[in-house]
Amino acid sequence: WVCPRCGSDDLAAAYLIDYSDKFDYVYLAPRRLKLKRLRNFWRPFKHLTKVDADVCRNCGMVILEVNTESFQEAEEKFGKS
């Protein structure tokens, strides 16, 4: 992978985490931190939404990753729109 903005290959694995229900407050956290520990950092929270992402260390661009299996499970559970 390379960054589409600057072309750097210095990417870090991260989580994009939302603890509200409308993506009002979004945080970036390194993927090496476990979700249980992250929940202790940001209490109280309404809902937890976790999205895998890659972050460019040079320009800061966030590239979201979609897990197709999880997405397929969500579509089966909540329906397709």
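FYI, side chains are in, hydrogens and waters are out, and symmetry mates aren't considered; it's all heavy atoms of this structure.
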Which pair of non-hydrogen atoms, one from Leu11 and one from Cys56, has the smallest distance, and what is that distance?
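Smallest heavy-atom distance, with atoms named: CD2-CA, 3.6 Å.
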Looking at Ala29 and Ile17, what are the two nearest heavy atoms and their distance?
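Ala29 and Ile17 have their closest heavy atoms at CB-CD1, 4.1 Å.
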Are any of the side-chain heavy atoms of Pro4 and Met61 separated by less than 4.5 Å?
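They are in side-chain contact.
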Should Leu16 and Val55 be counted in the same cluster of Ile, Leu, Val, Met, Phe, Trp and Tyr side chains packed under 4.5 Å apart?
yes
Let me check something: do Leu64 and Leu28 share a hydrophobic cluster, defined by ILVMFWY side-chain heavy atoms less than 4.5 Å apart, either directly or through other members?
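Hydrophobic grouping puts Leu64 with Leu28.
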Residues forming a side chain to side chain donor-acceptor pair (under 3.5 Å) with Asp52, sequence neighbours excluded
none
State the CZ-CG distance between Arg31 and Asp54, to the nearest 0.5 angstrom.
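Answer for the CZ-CG pair, Arg31 versus Asp54, is 6.0 Å.
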Calculate, to the nearest 0.5 Å, the distance between atoms OH and CD belonging to Tyr15 and Glu65 respectively.
10.5 Å
Those residues at least two apart in sequence (or on a different chain) that pass salt bridge (Lys or Arg N to Asp or Glu O under 4.0 Å) with Arg57 are Asp10
Those residues at least two apart in sequence (or on a different chain) that pass side-chain contact (heavy atoms from CB on, under 4.5 Å) with Val2 are Asp9
